[in-house]
Asker: 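Here's a structure for you.
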Amino acid sequence: MTFPADAREVEPLQAEFAEAVLTGLSQPAKHIPCRFLYDARGSELFEDITRLDEYYPTRTEIGLLGTYGQEIANLAGDGCAVVEFGSGSSRKTHILLEHMKAPAAYVPIDIDDAALKEASVRLERQFPDLPIHPVHADFSQDIDLPDEIGGAPRLGFFPGSTIGNFNLDVAVDFLARAGALLGEGSGLLIGADLQKDLDVLIPAYDDAKGVTAKFTLNLIHRINRELKGNLVVERFAHKAIYNDEIGRIEIYIESLSDQTVEILGRRFSFSEGERVQVEYSHKYTIPQFRELAAKAGWQTGQVWTDENDLFSLHYLTRA
Ligand code: SAH
Ligand code: AVI
């Protein structure tokens, strides 16, 4: 395995965190971009979410990959370099790799270095002959693929419906940049969560054990630790609502009282009930998602769904 120099070193990432928090909390509608939810603890908590009964996306997508893995591998062809966006624990990747014929390399890309390294070491043990080239980077910025993968055909893999965490226009922009990065003739296997009844959707983002709340509120601990914050976590709450008009879950940190806090020596006031938006999770219909992919220059092809129409996996190609 090769660990190239981080595309963005730790210091700039922390400066970006400071800038995002100070700017985001100065706006009339307070917000912090969701990528900052994923420090080492955030990634662990996300893993705990994926194992909750209420959180259907992970097990459903794993089921789809198991059932249709061979069909997917046949579409991708032999000798592909698999490039995974937001790889996290890479828990789904082995299912894909096991079906693929002579994959040329695996390139996991993630903003959380700890998760990236742990997953790469684990996959290296599982696939000792597969070259693994982890890239520690923010995929919302321009990134380069490692030179080592050379001219191998590329299969992008973007599971989990992480695409849903982008606003719709940002999602189109991301898909267009991913297309340019992967290049002509590449494929992209992408998971997209589907619209469904609220009695299934809401508990997936507001579970009985409070794990999702811990994941959201971990951002407060991160602010306190990394940005000299003095926020008292018990004075805030996790709030998940469904925006029916846009078709997305919206996650907020809600202030439980009027209060003033300090971050990096600056004061921020919150009124009781005021919310800081920290994540969106868009839910699509299949035609909506295909339209979004087409807008970004991808050709839409096969779509696989589970028997309850909870989740969809799309195979896109780039001419
Ligand atoms: N692919 C895994 C993990 C999804 S969780 C799955 O399907 O279960 C989302 C992952 O994307 C996390 O590992 C997080 O660290 C990563 N991530 C979020 N925003 C990112 C960004 N802007 N750049 C790179 N990685 C990001
Ligand atoms: C990573 N992403 C696809 C998750 C989702 O379902 O939108 C993040 C998440 N946030 C709370 N629960 C899960």
Side-chain angles (χ1 to χ4, degrees), residues 6-8 13 16-17 20 32-52 54-62 64-65 82-96 107-120 134-143 156-166 170-171 173-174 177-178 189-194 196 201-207 210-219 222 238-240 242 248-253 278-284 310-311 313:
D6 292 348
R8 322 196 113 227
L13 273 175
E16 274 178 39
F17 182 41
I32 298 173
C34 66
R35 64 181 180 278
F36 297 111
L37 292 166
Y38 298 91
D39 61 354
R41 180 68 183 138
S43 294
E44 278 173 14
L45 286 165
F46 177 72
E47 267 308 293
D48 293 345
I49 289 176
T50 65
R51 293 173 203 280
L52 291 168
E54 294 99 322
Y55 196 72
Y56 60 85
T58 305
R59 63 171 175 275
T60 310
E61 193 177 34
I62 286 176
L64 291 173
L65 286 167
V82 176
V83 177
E84 181 169 354
F85 299 93
S87 45
S89 66
S90 294
R91 219 173 104 209
K92 298 166 183 164
T93 321
H94 74 98
I95 311 172
L96 185 62
V107 180
I109 304 171
D110 207 283
I111 201 162
D112 176 20
D113 206 24
L116 187 67
K117 287 196 171 123
E118 203 181 307
S120 301
V135 175
H136 177 215
D138 175 353
F139 57 46
S140 60
Q141 314 278 324
D142 284 332
I143 47 180
F157 183 38
F158 196 20
S161 200
T162 301
I163 186 79
N165 298 133
F166 294 133
V170 182
D173 181 59
F174 170 84
R177 281 189 302 104
L189 179 66
I190 182 164
D193 198 11
L194 297 174
K196 58 185 57 67
L201 202 45
I202 294 289
Y205 292 87
D206 198 6
D207 61 278
V211 180
T212 312
K214 267 197 197 155
F215 172 70
T216 303
L217 297 175
N218 176 56
L219 193 54
R222 185 173 183 187
H238 158 82
K239 185 98 192 160
Y242 187 67
R248 69 182 179 204
I249 288 283
E250 299 182 350
I251 297 183
Y252 299 93
I253 292 176
V278 295
E279 191 170 52
Y280 292 138
S281 192
H282 290 79
K283 309 300 163 192
Y284 312 92
L310 293 174
F311 199 88
L313 253 185

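We count ligands from 1, going down the list as the structure has it; atoms in each ligand are counted the same way. Numbers here are sequence positions counted from 1.
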Asker: What protein heavy atom lies closest to atom 18 (C) of ligand 1? Include the residue and the distance to one decimal.
Answerer: Tyr38 CD1, 3.8 Å
Asker: Using a 4.0 Å heavy-atom threshold (strictly under), name the region of Ala137 that reaches ligand 1: side chain, backbone, both or neither.
Answerer: backbone
Asker: How close does the nearest protein non-hydrogen atom get to atom 2 (C) of ligand 1, and which residue and atom is it?
Answerer: Gly86 O, 3.6 Å
Asker: Present, as a list of atom pairs with distances to 0.1 Å, all nitrogen or oxygen contacts under 3.5 Å between ligand 2 and the protein.
Answerer:
residue, atom, partner, partner atom, Å
ligand 2, 2 (N), Asn165, OD1, 2.9
ligand 2, 6 (O), Tyr55, OH, 2.5
ligand 2, 6 (O), Tyr205, OH, 2.5
ligand 2, 7 (O), Asn165, ND2, 2.9
ligand 2, 7 (O), Ser281, OG, 2.6
ligand 2, 10 (N), Glu279, OE1, 2.6

Asker: Check the pair Phe174 / Phe139 against ring pair (Phe, Tyr, Trp, His ring centres under 6.0 Å), numbers first and verdict last.
Answerer: CA-CA 8 Å; Phe174 170 84; Phe139 57 46; 5.4 Å; yes
Asker: Residues in side chain to side chain contact (heavy atoms under 4.5 Å, CB included) with Pro203, at least two apart?
Answerer: Glu54
Asker: Using 30° and 60° as the class boundaries, would you call the ring planes of Phe46 and Phe215 parallel, tilted or perpendicular?
Answerer: tilted
Asker: Considering heavy atoms of the protein only, find what lies nearest to atom 8 (O) of ligand 1 and give residue, atom and distance to 0.1 Å.
Answerer: Lys92 NZ, 3.3 Å
Asker: Return the residue, atom name and 0.1 Å-rounded distance of the protein heavy atom closest to atom 20 (C) of ligand 1.
Answerer: Phe139 CZ, 3.4 Å
Asker: Does Tyr55 form a side chain to side chain contact (heavy atoms under 4.5 Å, CB included) with Tyr205? I'd like the steps, not just the answer.
Answerer: CA-CA 7 Å; Tyr55 196 72; Tyr205 292 87; 4.0 Å; yes
Asker: Looking only at non-hydrogen atoms, which of Gln141, Glu84, Arg35 approaches atom 19 (N) of ligand 1 most closely?
Answerer: Arg35
Asker: What protein heavy atom is closest to atom 15 (O) of ligand 1, reported as residue, atom name and distance in Å?
Answerer: Asp110 OD1, 2.6 Å
Asker: Can Thr58 be said to touch ligand 1, with heavy atoms closer than 4.0 Å?
Answerer: no
Asker: Both conditions, 6.0 Å and 45 degrees, for the charged tip of Arg222 above the ring of Phe36: are they met here?
Answerer: no
Asker: Which residue owns the protein heavy atom closest to atom 5 (S) of ligand 1, what's the atom, and how far is it?
Answerer: Phe46 CE2, 3.3 Å
Asker: A quick test of your reading: do over 12 heavy atoms of other residues, nucleotides or ligands sit less than 6.0 Å from NZ of Lys283?
Answerer: yes
